[in-house]
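Each remark here refers to the structure printed beneath this line.
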There are 2 protein chains.
Amino acid sequence: MGLSHALLAALSQEALSGYDLARRFDGSLGYFWQASHQQIYRELARLSEQSLLSVKLQPQQKRPDRKVYCLTQADKEALVSWLQTQVQPPQQRDDLLVKLYAGRWTQPTQLIEELMHHQRLHQQKYETYRQIEQTYFADTSLSYADTCIKLTLDYGLAYEQNWIKWCEQALARLAAFAEQGSA
Amino acid sequence: MGLSHALLAALSQEALSGYDLARRFDGSLGYFWQASHQQIYRELARLSEQSLLSVKLQPQQKRPDRKVYCLTQADKEALVSWLQTQVQPPQQRDDLLVKLYAGRWTQPTQLIEELMHHQRLHQQKYETYRQIEQTYFADTSLSYADTCIKLTLDYGLAYEQNWIKWCEQALARLAAFAEQGSA
DNA sequence: AATACCATGTAAAGAGTTACATGATTGG
DNA sequence: CCAATCATGTAACTCTTTACATGGTATT
């Protein structure tokens, strides 16, 4: 039920269509949750079937009708009661680390190349998050509501930064073996 | 196919039964991959059906027979060729951050309590990893093979440490609102 | 006597990925 | 004219979780 809560959390702030929600998952929800449009549309259909949220058709002239989803009072109460239950830390499943674990069967240069690739990806994400920070959270004194959101961005920033730092150390250590190998 | 690679990576180091593999996922694979015994047994059955690994029955006197899995030369080559393909960073899906995102609908004290709970969990993991580090990786000069494994442990350590640090900051920021609320 | 550990699985449900499918509009 | 964006979905498949199932041994 993970996705449904993420959808409810987003809809609790503003009414959105499936398309809008998919954009949100690319952006501000993306720091900690990812979902494809297929998943989102299916889940929204399921939730509205079960009356866990309500829909309004917003006819448009030159495009398909938008289905705008929002929460009723009861839906919001359900969300709030979920906020009060305990959740568990997420499971980790990282292919790159599986590779490192079996790294002895390949060349250090191979691992170095892929680590550098990942480092670049994390660097890019980090910079994107920094821009968002500067654009939307430049203000030093934030409201409680904004602080909550900002903390999720901070998590994203810390996560990416930590990755980059670990990558640097890993690259330095592997470099020693790459030199030996080619010497 | 993520789990299958993790299984192959583990079996490439030593022959193991399903049960042993489940233990490994609690331990040294657990820094970056989690899998339940059900998943493991099913995947092993699937892989050996497709001859992607080989099994040897090891009869035991007072216990059920152990099925010990190992890699043939061909299986190992398949693993090595996977090592040379590019993989993607994992998707993040964290319930606690969904809660923070919707934190405005609940009390700061509520969030603080849960963050503290998670902080303790991460602290415990961190300490476990530190003990493993001191027990198995005390030696300062590691072979290439051991360095690869050690880097996955380092990732685990960095991940947990980063989490704890972020938690501290989050708690400090939320504390300000908790005081205001009760004043 | 109870709990933990060893050792293996099946089955159903829930969640996520990938491929397929459609069709108009806007900007370069 | 081409690519990107808006806007919605279905279907098949894979992966993960949860519940059910069995039965012996060792330790407290």
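Using a 4.5 Å heavy-atom threshold, the side chains of B/Pro90 and B/Phe32 count as separate.
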Can you name the atoms? Protein N/O to nucleotides 14-16 of chain D N/O, anything below 3.5 Å, with the distance.
residue : atom : partner : partner atom : Å
D/dC15  : OP1  : B/Met1  : N            : 2.1
D/dT16  : OP1  : A/Arg93 : NE           : 3.4
D/dT16  : OP2  : B/Gln39 : NE2          : 2.7
D/dT16  : O5'  : B/Gln39 : NE2          : 3.3

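Candidate nucleotides C/dA7, D/dA7, D/dC20 were compared by shortest atom distance to the side chain of B/Arg66, and C/dA7 ranks first.
Atom C1' of nucleotide C/dG9 and atom NE2 of B/His37 are separated by 7 Å, given to the nearest angstrom. Nucleotide D/dT10 holds its P atom 12 Å from the CG atom of A/Leu44, rounded to whole Å.
At a threshold of 4.0 Å, the pair A/Arg46-A/Glu43 counts as salt-bridged, since one of the basic side-chain nitrogens sits closer than that to a carboxylate oxygen. Remark: B/Arg66 engages B/Asp20 in a salt bridge, criterion side-chain N to carboxylate O under 4.0 Å. No salt bridge links B/Lys165 with B/Glu168; every basic N to acidic carboxylate O contact stays at or beyond 4.0 Å.
Aromatic rings from B/Tyr129 and B/Tyr31 are positioned such that their centres are separated by under 6.0 Å. For A/Tyr155 and B/Trp163, the gap between ring centers is short of 6.0 Å.
Side-chain nitrogen and oxygen atoms of B/Tyr41 include at least one within less than 4.0 Å of the OP1 or OP2 phosphate oxygen of C/dT8.
Remark: A/Lys150 engages A/Glu133, A/Phe137, A/Leu142, A/Leu153, A/Asp154, B/Arg173 in a side-chain contact (heavy atoms from CB on, under 4.5 Å) (not counting sequence neighbours).
In this structure, the side chain of A/His118 engages the main chain of B/Val87 through a donor-acceptor pair within 3.5 Å.
Contact check of residues 10-26 of chain A against DNA chain D (heavy atom, cut-off under 4.0 Å) returns A/Ser17, A/Gly18, A/Tyr19.
Sequence order on DNA chain C of the closest nucleotides to A/Ser36 and B/Ala45 puts B/Ala45 first from the 5' end.
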